[in-house]
Amino acid sequence: MKYPNLDYKYDGPIFDSHAHVIELEALKLFVEIGKKYGTEKSILIVHSDDITAYERMYPGRFVYAKYMSGWRLFTEGPEPSLKEVARLREEGYGLVKMHFAPFWTDRLEKEKVPSVDSPVFDPLFDVLAEHNLPVLIHIADPDTYFENRYANSKQYGTKDGHIEEFENRLKRSGDVVFQQAHFGAQAEPHRLENLARMFHQYPNLHVDTSSARWMARELGKAPEKARKVIINHSDRILYGTDCVARSMDIDYYEGRHHTERMIWETDVRNVPLPFVDQDTVGRGGTYINGLDLPLNVLEKMYWKNADTIYDLEWN
Ligand SMILES: [Zn+2]
């Protein structure tokens, strides 16, 4: 794959607010390709117990997110996590990642999976607030998933229901800073008004732009509307790729970075997504329509908003 046009509108440093590491060997490629597309620093969601190897390789480059296993939270309750959270700052973490996706009810009995607004979790969110640890949280999933794999609402609940539960949590834990993944799961054009309402109502709500294909597929259906929502709430939106340092495929990383930069910075129309979107295979494919955001909005999304929350040091 070749991207001849790397002449983007924005030429400052970029902070990637949503990325994962699985394989240490892949981290070098992840960093290299990120840099080619302007990414100087990232949040790194860590799925192991140790960050020392990453920090040794790239001192100061990452803000580490502790992945709080849903499995453990749901089977053991939040009690063991309370002590863990109290140590995180010392251990070098800057935030935690939580995943409340409908599929947990496949792996555990439905009764054992409390919703995110359950009082069971109150002490956990209290400790997070006390230690000033923001939460990167995944709620629900794309509408396309609810049409297919989650079509059985008795098992999985409804998407509106999951978003409401999260709204209750925003209310109950007003002192916790939330970064909701994947545009708050509300990139679909018919959900943008609700997201805008939530921004107005909850000053502790932020979203990231992770999942290049989800953003391209949905925001690209109504670029003018999406543009307005982003400009009106530009203090709450953080750039993120959801790249996972596991792949050794250059195209994997390039496709995500380039797609997002095209979405935010250009006014292109109907450019095919440079990789496969499983959700539109056989249904017409996914196309990029750029939002052509103003430079001051890009500066906030790419760096300033993350700096406000995570206190990045740029030197
Ligand atoms: Zn992710």
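Quick caveat: nothing in here was measured; it's all calculated off a predicted structure.
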Would you call the rings of [X] and [Y] parallel, tilted or perpendicular if under 30° counts as parallel and over 60° as perpendicular?
{"X": "Y93", "Y": "Y64", "value": "perpendicular"}
{"X": "F121", "Y": "F100", "value": "perpendicular"}
{"X": "H20", "Y": "H18", "value": "tilted"}
{"X": "H162", "Y": "F146", "value": "tilted"}
{"X": "Y302", "Y": "Y10", "value": "tilted"}

Here's a test for you: under salt bridge (Lys or Arg N to Asp or Glu O under 4.0 Å), which of R217, R149, K159 qualifies with D143?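 Per the salt bridge (Lys or Arg N to Asp or Glu O under 4.0 Å) rule, the option paired with D143 is K159, out of R217, R149, K159.
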Nearest heavy-atom pair of [X] and [Y]: which atoms, and what distance?
{"X": "P142", "Y": "E188", "value": "CA-OE2, 3.6 Å"}
{"X": "E260", "Y": "S210", "value": "OE2-CA, 4.1 Å"}
{"X": "P102", "Y": "Y156", "value": "O-CD2, 3.4 Å"}

For the ring pair F178 and F166, is the centre-to-centre distance below 6.0 Å? yes
Taking atom types as modelled, find out whether D50 and T52 have a side-chain donor-acceptor pair closer than 3.5 angstrom.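 Yes.
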Just by distance, with hydrogens left out, do D117 and S115 show a side-chain donor and acceptor under 3.5 Å apart?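 Yes.
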Establish, for the pair R191 and F183, whether the NZ or CZ atom is under 6.0 angstrom from the six-membered ring centre and no further than 45 degrees off its axis.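 No, R191 does not lie over the aromatic ring of F183.
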Test: [X] and [Y] ion pair at under 4.0 Å:
{"X": "D122", "Y": "R169", "result": "yes"}
{"X": "D49", "Y": "K66", "result": "yes"}
{"X": "E218", "Y": "K221", "result": "yes"}
{"X": "R213", "Y": "D279", "result": "yes"}
{"X": "K9", "Y": "D292", "result": "yes"}

Taking [Y]'s backbone N and O only, do any of them form a donor-acceptor pair with [X]'s side chain (distance below 3.5 Å, no angle check)?
{"X": "S211", "Y": "W214", "result": "yes"}
{"X": "N204", "Y": "V177", "result": "no"}
{"X": "H138", "Y": "A140", "result": "yes"}
{"X": "N289", "Y": "G220", "result": "yes"}

Residue R246 excluded, over 12 heavy atoms near CZ under 6.0 Å: no
Check the surroundings of atom CD1 in I250: do more than 12 heavy atoms from other residues, nucleotides or ligands lie under 6.0 Å from it?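 It does not: I250 CD1 has 12 such atoms or fewer within range.
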Could you walk me through whether L82 and L124 pass the side-chain contact (heavy atoms from CB on, under 4.5 Å) test, one step at a time? CA-CA 6 Å; L82 299 182; L124 179 57; 4.1 Å; yes
